Every structure is written in structure tokens, then in C-alpha cells.
Amino acid sequence: MQRSVLVLVIMSVIMLAFLPWIASDVMLQFAINTLLLATLAQSWNILGGFAGYVSFGNSVFYGLGTYGTAIAMAQFGLPFWVGLMLGALLAVICALIVGLPILRLRGPYFAIATLGLSGVMGAIVSNMDIAGANIGLILPLTRADPMFYELSLGLLVVTTVCVAWLSMSRFGMALIAIREDEDAAGTMGVNTTRYKVAALVLASLFTSIAGGIHAYWITFVDPASAFDPTLNVRMVIMAVFGGSGTVFGPVIGSFLLSTIYELLAFWISTAAALLFGVVIVLAVLFMPKGIADLALAKEPGWRYFLRNVREHRL
Amino acid sequence: MSATAVPVLEGRRLTKRFQGLVSIDDVSFSLAENEVLGLIGPNGAGKTTLVNMISGTIRADHGSIFFKGQPIDHLRPFQRAHLGISRTFQVMKPFPGLSVLDNVVVGALFGTGGGETSIARARESAREWIEFTGLTHRIGQSAEALGGPDRKRLEFAKALALNPKLLLLDEVMAGLNLVEVDEVVGLVRKVRERGVSILIIEHVMKAIRHLSDRVMVLHHGEKIAEGEPSAVLSDPRVVAAYLGTRRT
Amino acid sequence: MLLAQVLLNGVLLGALYGLMALGMALVWGVLNIVNLAHGALIMLGGYVVYYCYTLLGIDPLLALPVAMASMFATGYLLQRFLLNLIVRGALLNTLLITFGLDVVITYLGQVVFTADFRTINPSYSGANFMLLGLTVPVLRLIAFGIALLLSSALWFLLNKSGLGRAIRATAQNLVAARLYGVDPRQVYAVTFGIGAALAGAAGGLYGMISHLTPYIGSSLTAKSFVIAILGGLANPFKVILGGIVVGVAESLAALYIGPTYTDVVSFLLLVVILVVRPAHALRAA
């Protein structure tokens, strides 16, 4: 990584860390949401962007993180950090158990199987008494938005540092080889199963912690929001919009899309989701490799957009 | 039990069927240390299937494969690569989105014995292999951008970067002109001088004749001849197989 | 007896599920697009029939061809002017763009149709008769019949007509199809149109048997996907059969495990099939 980029990133993080002292309550809440979403997108990027395994089921890990924290705090009165660890542990165990069979699938089969898993998990949780069944759980109330903000920021930084390390490591190279051609990677000595499962575990870890933070912040969890299928799609879109398989793409994509959505929701509340859909369609059409690729493109804007259409049209 | 007699690679009575059709029928063969075995036969004879079985992408229905005297039938492709078995693909498979250098780095990072642990050292050795195959002028380009002959070179460099003990070459010369064929023949010779054993599938008979110590001929999945190259190539059954007359 | 009744309901409903999946399987098989907006198209078809009935007083069954025609046009235009532009892109991109379409259609639906529950209630909607001690709901039987009829029609279209030959050729090999004077852009658009038309018919029937909201799309997409995998992408009758399997499994799950699990059943089925028989599933692609 270039030194100038590094300096810029560190400066931005330091400036962001001071946000709670200047931002309004509403803005801080928006910021927490955005940071958590960016963490989800960045975690998705580990398996989806680097290894090319498009998961629509990371909400399973998010939900387990949410519920691990909620159960620990609401049912057993344990401290927050124990809850976070419990949630993370549940998610990692789930990733290990589920990963082996499911990572044998490829392409759309993997994508939809993961989507299915999140549905199955939601149904299981909503039938468990310890998880408050359909009603959900209420966590102890804490009014400490600045703390949640700094936690979320810290988590995003850790996740991104991990991805940056990944992009320069042997592990990352294995994932990229798997993305480019899994069979060829295997014959070249890459233990594809091990690296795929490791990537899933890593993704599940960060995703579940984000879920745990969100649960304590909102102080309420229920199956519908914890295993929300649209959350899956949102994180994928943010990662792809920014540039999947890059270090900063998913973060930038999340920041931009969250802001766009928030502004749309502010100006024209009913049509926000509609316009969001339009943004997705246009983004896929004109810049399928994301903002990161657009930023590096040699030709000016419109020619770049046309080239993408030309390359992919029939 | 003399140590010298253990072949690098041995196939015993290998059979493979695809949906009822026999692709490899009871084929046995062996390859000695530092030997070059030519594998020829008309299209559809089962040559690539045999290579796939050795590299582990498909499994035999019957029979066993031994590497340095040890059975490897239960090993997955990456484990065979770690033992030192490396291959090229007839349908070339560079990682399309990666540069030439990174394509070769993958081989160095994960090859024989588990590969290089440091990225820097893997790059170093990848550079050497790229130079060895004459691709240095393309090192930073994306693999997708390469033309036919350069793709062959890349395929070769990738396979070599694993630092193999056994190299399986599946038609690395197809589509090359005479000058380029001579170049590749030279490369294969150089590889052999490094002590690598080689199984080479080729339709270019001149190359087979120049390179192979022995030649084995497959036809309809059966081994119909084996032996010294000039003798095998003039065998009437082999000629008949290539000309397409029915076997008698 | 209860079991037999549940099985009958499952079979009748399952054929309708199969009809839902038919269009998705066709588009997937020929265009290699996993259309995540397929359920939204089913939803649109349902509303076309609903408004034909409530506003124009057309009998819902007679309105089915109207729904099919209008959905064909919608599908044709979508493919011709939007999806054809990215059809050679990465799989993820086709998934995302069709997801984007799903969002757009769903929220347009919310604006135009409102979020209220709608049911299409013709006079015969509650009718049923007894056969061998089992209650046979007339509407479900009709839906079953229409599903069989349309799958047969699709089979004939694909296997016995010039258009079908062009579609199959395009699915096999784009370049070769071009050589035979087939314009793939046109064939793709027509194929997607046919898929949408089948979705339209399924939506109308679904609106009569169940209910409509703008949000039913995503769960129907998921169901269609599962069935398309179960039945494979090549043979319409197998897709209907796949639908029946899911329909029966759902009915049994509702009976033995509890109704909250019905939606999960198809996914569980999918995960099990994919994991136990991946080779089968992978060949279908």
C-alpha cells in the first residue's frame, strides 16, 4: 500500500474518532448504523470479494451475534463483552459446522443455499424459548451512543486492517486463486476447503460482533430483524458498489450508499427504496466493478460507463 | 526391494467409465526417475483422462496410482501437488484476472511440500520461472491479455513454479508454429536436466520423437503399444489407429 | 384420511408452485440468468388479474390470458432493453441487477397497488366436491389443470416449433445460433417474455388461491428457485413434478411440525438436496 494512502486513512480514522464531540444525536445514530453496515460489507468481502463465494446468508452470523449477546445479557445478566464473545463463539461454531457442506456448492447454488440457511436459522430461533421465541428479548437500557460509536468504528478498523493484511498475504492469494479458478487452484496445491472455511469463519467473527454491538445499542432483538434477509442483500450491494475484492471499496461503498439512502429517505421518504433499487440497477449496468475500479479507470467517466456496457451486452 | 527400481509414477490396471462409456480400460504403466514418457493416441483416446486421474481431478473406477511407491488414490489434487505432481491443462487455465506474475506466484506459494511461506520469496522464484520460459516482457500484464503462444508459456511457468518432481504436460505444443515448438522442446529438455520426470501428451510427433525415452499409445482407452519411440511410431497398429482404420 | 387429504392438497398446490417455477427454470436454462425478480413478476401478474376482475368485471380465469399477454410484453421489454445489456457479465452482477429490479417492482407495486391484502374472489372460489371421501377444492383443481396445460404447451413450443429450436440452439451455443441466422437478442427477449407470461398466469392463480400483497415476490422467487433445481432446467414436466414435491413437503410439514415451518421446508429441502447430491444440482446448471 502506498504511504500517502496509509497516511490519509489514518488521518480520516482519527478525525472520525472525534465525531461524537461535534455530531448531533441523529447524526451519531446514522453514523453508528453506517459503520456497522460497513463492517458487514467488509466481512462479506472476505469470502465474497476475495474468494468469489457470494453469500446471501451472512445474516445468520449477524443474528447469532445478536442473539448470543441478547441471551447472555437478558437471560443470564452477564456483562456486554461476555455476550459479544458468546455471540462470536456461536457464529464461529456455526460457520465451521455449516461451512464444510455448504462450501462444496458453487455459484448460484452456494448463494441460494446461504439465503436458505438464514431463513432456517430465523425459524429455529423464533421457536426457542430461551431466545424469547417470536416476541424477542429486551436488553438492559444504556444511553451511551458515543461508546457504541467508538466500538463500531474500532470494529470497522480492525476488520479493514484484517482485510488489508489478507490482500497482501498467502491466505489472500489462495482465496483469489479460488475465485479465479477453483479447480486450477486445487491442482496448483491450494487446499481450497481449508481456505474457504477459514474465510467464512473470519467473516462470521466480524459479522457476529457487529450484530452484538447492534443488539445492545438497540436494546431489543427479535427474529425478524436479527435474521432480516434484506440485510444480506444490503451488505452485498454495498460491497459490490464500492468494489468487491478491494480493501477500501466496501467501506467507501457503504458510506456512499448509506448517505444516498439517508438523503433520499429525508427528501422523498416513500420513494427512497424505489430509487435505491434504481441506483443498484444503474450501478451494475455502468460500473459492475465498483467505485474502486472507476477511480482507477484511465478513460473519462462516460466512456468508462459505455465500455462496461459494451463488454457485457449481448 | 532395490531402491533404484521404485518408479516415480506407476499406474496399475486403471479403468474409468463415463456414463457407461469406457474412457480408460485396464491401463498399466510406469515412469522411472528422470524419464520422459510420451503419451500419444488419436483424439478421444483417453489421454487427458489419464492425466486427470494422475493429478487427482477425477478418480479411477478401478486400479491404483502410486507415486514413489506410495498409493495416492485417496489424495485430493492439492495433496498430490504438495507431493510434487504438477500439470498443465490442454484447455489453458490461467487465472484470468491476475497478472502473469501473480499467476505464477500461486504455484510457488502452494507447490511441492506445501510451497513457499513468504510472498517475497515466492515472487522471487516466480520471476525466475517466468524468465526461464521467456515471458519476462509480459510479467505485469493480465493473463487474459496474452496470445496463444504466450499463454502456453504461462501455463508452463505456472506448472514449473510448483517445483515439481513429476510434470504432466498436456499438449503444450498444440497450435504453435515450428519455431515455437523447437523452443518448447528446448524448455522441456532444460526441465528434465533439473531431474524432473515428465509425462508428455503431444500430437506433434517430431517433438515426441525428440523428447521421449519411451512412448505409450492409447486408443479407445486401451494401451495398444509401448516402447522405444521410433519402433512404436512405426508399429502398424499405431499407424492404423492414427489413420482411423478399425482395429483388428 | 387426514393424511390423504393433506397429500391431495399438497399435490394440487404443488402443481401451481411448479407453474411458478417454470418461467424461472426456462430463463435460467436458456439465458443463464437466475432471475431474482421472478417472484415480483408473479406478483404483477396477480394484480393484473385482480384489476381485470374488480375493475372490468372479467372472470379471473378469462383474465389469465390478459395477464400472460401483458407480462409477456413486460418481460420482453425488460430483457430487450435492460438485461440484454449485462447478460454476459459476472453471475453476481445478474443476481444484483435482478435483485434491483425486484426492489423497484416491489415498491412500484406498493405505490400503485397499496400494501393491502387482496384476494381474487370469484363466485366459485369456495366451491368443492367430494371424491372417494376427499374434499377436492375446485379452484385448486383448475390451477392444477392449467399448470399441466401450460407445461405441455411449453414442452411443445420448445420441442416441436421453429421458435423452440431457435431457443434451444441459443441455449446450447450462442455463436452457432448466430451462424444459423438466429438473432440472440431477439430470442433472449422472447424467452424472457415467455418466462414472464408463465409467471403472470401463476400469479393470477395464486391470487385466487392465496392472497396478494406487493411483498409476496421474494418468497415466491426462493420457492421457484428451489423447484427449478429440484426439477432441473430442461424438462417442463419435471419442473411441475418438482413443484409437487415441494407442495407435498410443505403440507406434511404443516401437519406434523407446525404451520410456522412451511416456508422453511422448501429451503431445508434445497440445502439437503444440494449437500447430499451436489453432482445432480451442478449438472443442471
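Note that this is a predicted model, so its numbers are computed, not measured. In what follows, chains carry the letters A, B, and so on, assigned in the order in which the sequence lines appear, proteins first and then strands, with residues in each chain numbered from 1.
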Just so I understand: if I count every heavy-atom pair under 4.5 Å between each of C:Leu96, C:Leu83, C:Val34, C:Thr94 and chain A, which residue has the most?
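Of the candidates given, the most pairs with chain A belong to C:Leu96.
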
Heavy-atom distances under 4.5 Å only: say whether C:Arg178 touches chain A with side chain, backbone, both or neither.
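For C:Arg178, side-chain heavy atoms alone lie under 4.5 Å from chain A.
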
Please classify the contact between C:Leu95 and chain A as side chain, backbone, both or neither, with a heavy-atom cut-off of under 4.5 Å.
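The side chain, not the backbone.
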
State, without any angle test, whether A:Tyr62 and A:Asn232 hold a side-chain donor-acceptor pair at a distance under 3.5 Å.
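Judged by distance alone, the side chains do not pair up.
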
In terms of heavy-atom pairs under 4.5 Å with chain C, which of A:Val284, A:Thr114, A:Ile280, A:Val54 leads?
A:Val284

Best-contacting candidate, A:Val309, A:Ile102, A:Leu285, against chain C by heavy atom pairs under 4.5 angstrom:
A:Leu285

How many angstroms lie between atom NE2 of C:His38 and atom CG of C:Leu198, to the nearest 0.5 angstrom?
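Separation between the atoms: 8.0 Å.
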
Start with the C-alpha gap between A:Ser55 and A:Asn58, add the side-chain angles, then the distance that decides, and say whether side-chain contact (heavy atoms from CB on, under 4.5 Å) holds.
CA-CA 6 Å; A:Ser55 162; A:Asn58 279 14; 2.8 Å; yes

Distance-only, no hydrogens or angles: does the A:Arg179 side chain make a donor-acceptor pair with backbone N or O of A:Gly49 under 3.5 Å?
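Between the backbone of A:Gly49 and the side chain of A:Arg179 there is a qualifying donor-acceptor contact (under 3.5 Å).
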
Backbone N or O of C:Leu158 within a donor-acceptor pair of the C:Arg168 side chain at under 3.5 Å?
yes

Let me know if A:Phe110 has heavy atoms under 4.5 Å from chain C in its side chain, its backbone, both or neither.
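Answer is neither: A:Phe110 stays 4.5 Å or more from chain C.
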
